[in-house]
Structures are given as structure tokens and as C-alpha cells.
Amino acid sequence: MKQKRKVNVYEEAYRCLLCQDAPCSKACKHGDPARAIRAIRFDNHKLSLRWVADCTDADLERAEQACIHYNWPIRIKEMIRAIGEDDVDATWQMVDGRWTMTDAPALDITFCGIACENPFFLASSAVCTNYGMVARAFDAGWAGVFYKTICMQEIKEVSPRFDAMHDNGTHGDFYGFRNMEQLSENTVEEDFDILRRLKKDYPTKVVIASIMGQTEEEWISLAKMAEEAGCDAVELNFSCPQMKHKGMGSDVGQSPELVRTYTACVKQAVGIPVIPKMTPNITHIAEPATACVEAGADAISAINTIKSVTMRFDAEVSGQRTISGYSGRAVRPIALRYILELKQAFRNQHRSTELSGIGGIETWRDALEFIQLGCSNVQVCTAVMQYGYRIIDDLIMGLQRYMKKHGITRLQDLVGERVEKFLMPDALDRDTICYPMVNKELCMGCGRCEVSCNDGGHQAIVFDHESRQPRLIGTKCVGCHLCRLVCPAGAIGIAKRVAKKAGRTS
């Protein structure tokens, strides 16, 4: 007989509205279930138990009854009770209202010679357009900011300026985000005054000015103003995909000659680190990036948003549309590809070029992937727009727990550790195979694996309609693992890798 299935805690957490002033927590006498659910949502399900450790079943039932979800309440008690104890040996205590690992590995790291308390920065965007916003982010725990790009031109934005890609019939939680926003609408004087005050009031935080000029004179002038304002570094925005002014944005970033010229003139004008920001709207990102490095760039930021089109009528501007930037978790694999290409291109240089990673980062695990491919810090935008600055807690705790679990004491030791794992296609092992393996206790009998294998694979699965169980035909299976990826129950795993049988054909 099949065991009773536990609720999928991540699937249930994704249904949560992540409420402000959450009614479920207000109804709970001995814990904070809303914070626990948020920890699960951001890939910290083991740590979530700290917020509900003292909750009784009655507490969790009251919290569930108070849930305001528009369909049906989140199954809070069932979700919490399905989580096993943390397997990481660490001591936690509440400090200033936050759970803190007392013996936590340090997350401090140096970027361009600048001391950073952790690797998490706000990306130059709508999440950092004034003093109050950045101050709240710093208070929340973000280490630094790449402030919204400053330019000499007058900026007038459109309305609406955003669109999003949801799963059908869902709202709020989008996997892709399109924006037509350009640069800061403040005057140059206002923005540099904001940066000056931020650095004065938060001297341990990292304040980086993102700038965009149209001529060498403008690039130099803006960079000098950033240095005079006390900024720790300056980012050169060579990558905005929707600039209305010619000679600015991603069109510049596609030209190695232009980025070399502008990087060189800024580098000669200021003494603070210079960080060009690269566009993904190009075939070979390493070409302009290498030109920047040859011109003296201290680091490279990548990537900016990807040029895209969405077709929803409610995102039209007076009945018209345009090509604009795409971001969110859907672009992360593309961003990682560019980071890898940059790291590989810079590997053989005599001088080290640091990387700042951007693109679809929501959880600590997302950030870790960028770090493992060579980034010394990561920038977050779209996730903050969706969920707020509060995600910094789970970014920090999750990364610290990972390091503790794996015996890593310095964040720097993770930087670039996975680069050597990536080979050219012709160097990969083609003489062994790992077969999929079905866990019959978890299998629901839906038959999705057979459908996909028949119509998109190698017809290696037979579905028994009586028992509603799949059966693998080993002589046909090529180990592609499509079946594992489409299984909605997570019932298909990976068997031990073995040598291919002689004469097997794909």
C-alpha cells in the first residue's frame, strides 16, 4: 500500500500571497508562520522551523483559518509538520528581531579592493531611485547599491512601463518581467547629492554610481561628479536596451571600439574603480568586455536586460508598443552563460578581472550559482520589485547555512569554483549512461512520463493502465531524463552511472 503523501512544501509556499502585516501571524500566539512560509518560498525550508518552533497545532490551525488567500487557505499546519529537522549543526539566536547564526561563516568579500559586508547589492534600476529607498535597503542588510543610472539628458518615462509573464490564470508571481524604464528622472545634482548623503550616513555600505554619457565629455564629467560625491566606484552603463537618445545604451555596448574609448577616458579621469556594464544583446559578449578590460576596467557587470517583445494589450502605451528589456528568473540561465563566457575569456589574462553578476536572482541558491561561476558579488532587481528588500534575510541565511554545511569558512573560496566543470561538447563523457529510476511509492500514476517519452523521447516507457505504473524499457532508454523532468510528483530519480552496452544507438 502506498504511503500517505506529504504536502509539497515548496508548491504550497508558492501559493502564499506573502502578505504585508500577515493575518496568519497575527492570529498565531506563539510564532510567525508568515515568516516561516517566506523562508520556504526563498529556499530555506529547514530554517523556516525557527519561526514556528513554539507553535502548537492549535496555533497553526488559527493561522490557517485567518489566511486570506483568494482560493483556499494555505495548508499551514500540514506544510510545517512535513518539514524535518535541520541537518546542519549550527547555533541560532534572535538578534534585533532576526534569526542569526552565532557561529556563521563570514559573508564579507572584497570587490575591486572595496570591503563588502556581504555579496548582495541592489542593481541599478527602479529599486534604488532615491535616498529613502536605498537607506531602507541598507537598514535591511543589503551590502551596497549600484544606484539608478544618472545621465545629462532629460528623461521622461512612459505609462504603463512594465509587463510580466505569468503562468496562465495566475497573478502576482511572474517568472519574466519586461520594462521600458530608462534612467533616473532626477536632475544630476539631485542624484549626486543623494549619493553623497548615502555614503556619509552609511560609511560601511558600498555606494556605486551608475552613469551614462553621450560623449566623452559627458562620461568624464559624470564620473568626476561620482568621485567627488564620495562614491566607492562608478559603473558605466553600456547596456540599457530602450534608450530614446542615439549613441547611448546597448547600441554602444555592442561596439568594442566605443566601449574601449569611453572606458579609457573615464579610467584616466578618476581614481575610483571603473565597472562597465555589458549588454546581453550581442552574440559574443567577451569582445566588448575584453575591450573594456584592455582600456583599464577594474571589473565587469553583466548582464543587463534582454531585448524582448510581449503582446498583452494592457501594457500598450496609447495603443503602441516597443522592444524593451526582459528580466526575472526566466533569464538566469542566459545570464549564467554570459558570466561563464566572460570568466573563461578572462582566465588567461595576466591581470584578474572581477565580475558582478546580474540576471534572475531570487534565492540564495541563485546567487550561489553566479558566485560559483566567478562573481564576487551579485545584483538583484526584479525579485526586489516583486517581494521587497526583505528577501535579503533569506539570501544571507541561506548562503551562510550552505557554507556551514559544506565546511566553507570564506566566501571567496566559492568564487569561480565550478568554472572548471564546464567543457566543450566534444570533451564530455559519451561512453556511460545513467538511467532514470521510478520510486513507486511516490508515483501517482498520471502517465505523464509515457506521454513525453513517446512523443518527445525514445519510446522507452510503457504505461500499465491496470496498475497505473510506468515500466522502463532498458534497451530503448538513452538516459535523456525527459521523464524525470516532466514528472509532477518528483517520483523519478537517477540510477548509478554505468558503461553503455556495445552497439547501443541513440
Side-chain angles (χ1 to χ4, degrees), residues 17 20 70 122-134 146-191 194 210-215 218 222 237-255 277-282 303-331 334-335 358-360 379-388:
L17 304 178
Q20 178 80 301
Y70 51 85
L122 298 179
S124 177
S125 65
V127 303
C128 46
T129 62
N130 59 56
Y131 178 93
M133 294 179 76
V134 180
F146 286 75
Y147 189 76
K148 188 165 185 182
T149 304
I150 304 168
C151 70
M152 300 285 194
Q153 289 68 31
E154 181 183 18
I155 298 296
K156 290 184 179 181
E157 301 289 9
V158 299
S159 175
R161 64 189 71 169
F162 302 139
D163 195 13
M165 302 297 291
H166 304 82
D167 290 325
N168 289 339
T170 64
H171 304 278
D173 183 54
F174 44 80
Y175 60 83
F177 185 72
R178 182 188 63 79
N179 85 84
M180 293 185 286
E181 198 159 274
Q182 298 181 105
L183 314 182
S184 174
E185 292 185 276
N186 301 331
T187 65
V188 171
E189 293 73 20
E190 288 173 333
D191 276 331
I194 288 170
S210 179
I211 63 172
M212 184 187 294
Q214 200 168 17
T215 64
E218 286 186 5
L222 290 167
N237 188 341
F238 293 145
S239 51
C240 183
Q242 56 262 340
M243 289 305 300
K244 70 175 183 176
H245 300 286
K246 292 183 178 180
M248 301 177 75
S250 61
D251 291 343
V252 172
Q254 295 173 9
S255 168
K277 184 174 183 178
M278 309 314 297
T279 177
N281 302 300
I282 188 171
I303 60 174
N304 207 323
T305 53
I306 300 170
K307 286 188 176 182
S308 64
V309 168
T310 57
M311 299 295 289
R312 290 166 55 93
F313 76 91
D314 51 6
E316 292 180 344
V317 179
S318 299
Q320 304 298 316
R321 308 167 188 264
T322 191
I323 295 172
S324 52
Y326 191 59
S327 62
R329 59 180 180 263
V331 311
I334 301 170
I358 319 162
Q379 302 179 39
V380 184
C381 168
T382 306
V384 170
M385 296 179 77
Q386 279 191 275
Y387 309 114

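Under the rule for a salt bridge (charged side-chain N to carboxylate O under 4.0 Å, His left out), the partners of Arg312 that lie at least two apart in sequence or sit in another chain are Asp163, Asp314. Judged as a salt bridge (charged side-chain N to carboxylate O under 4.0 Å, His left out), and not counting sequence neighbours, Glu185 has no contacts. Residues that satisfy the salt bridge (charged side-chain N to carboxylate O under 4.0 Å, His left out) test with Lys148, not counting sequence neighbours, are Glu181.
Under the 3.5 Å distance criterion, with hydrogens and angles disregarded, a donor-acceptor pair is assigned to the side chains of Thr382 and Ser327. Checking Thr279 against Asn304 by side-chain atom types alone, no donor-acceptor pair falls below 3.5 Å. Side-chain atoms of Arg178 and Ser324 include a donor-acceptor pair closer than 3.5 Å. Side chains of Asn130 and Tyr147: no donor on one and acceptor on the other come within 3.5 Å.
Val317 and Pro160 get closest at one heavy-atom pair: CG2-O, 3.5 Å. Summarising the geometry of Met180 relative to Val158, their closest heavy-atom pair is CE-CG2, 3.9 Å, with the distance given to 0.1 Å. Counting all heavy atoms, side chain and backbone alike, Leu183 lies closest to Glu157 at O-OE2, 3.5 Å. Shown here for Ile358 and Lys277, the closest heavy-atom pair between the two residues is CD1-CE, 3.7 Å. Closest non-hydrogen pair, Cys128 versus Ser124, comes out as SG-CA, 4.1 Å. The two atoms that bring Thr149 and Ile211 nearest to each other are CG2-C, 3.6 Å, heavy atoms only.
Although no hydrogens or angles enter the test, the distance criterion places a donor-acceptor pair under 3.5 Å between the side chain of Glu190 and the main chain of Thr187. In this structure, the side chain of Glu218 engages the main chain of Gln214 through a donor-acceptor pair within 3.5 Å. Remark: side-chain polar atoms of Asn281 are paired, donor with acceptor, to backbone N or O of Lys307 under 3.5 angstrom. Looking at Ser255, its side chain never comes within 3.5 Å of a backbone N or O of Gly253 through a donor-acceptor pair.
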Exercise. What do the steps show when you test Asp173 against Tyr387 for side-chain contact (heavy atoms from CB on, under 4.5 Å), and what is the final call?
Worked result: CA-CA 9 Å; Asp173 183 54; Tyr387 309 114; 2.3 Å; yes

Exercise. What's the verdict on side-chain contact (heavy atoms from CB on, under 4.5 Å) for Val127 and Met385, showing C-alpha distance, side-chain angles and the deciding distance?
Worked result: CA-CA 7 Å; Val127 303; Met385 296 179 77; 3.4 Å; yes

For this session: Give the intermediate values and the outcome of side-chain contact (heavy atoms from CB on, under 4.5 Å) for residues Met165 and Phe174.
Result: CA-CA 5 Å; Met165 302 297 291; Phe174 44 80; 5.6 Å; no

For this session: Might you work through the side-chain contact (heavy atoms from CB on, under 4.5 Å) test for Leu222 and Met152, ending with a clear yes or no?
Result: CA-CA 8 Å; Leu222 290 167; Met152 300 285 194; 4.0 Å; yes

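The line from OG1 of Thr305 to OH of Tyr326 is 12.0 Å long, rounded to the nearest 0.5 Å. Atom OH of Tyr175 sits about 12.5 Å away from atom CD of Gln386, to the nearest 0.5 Å. With values rounded to the nearest 0.5 angstrom, Gln379 atom CD is found 11.5 Å from Ile303 atom CD1.
Relative ring orientation between Phe162 and Phe177 is described as tilted, the plane-to-plane angle lying within the 30° to 60° band.
When side chains are defined from C-beta on, Phe146 does not count as touching Leu122, because their heavy atoms never get closer than 4.5 Å.
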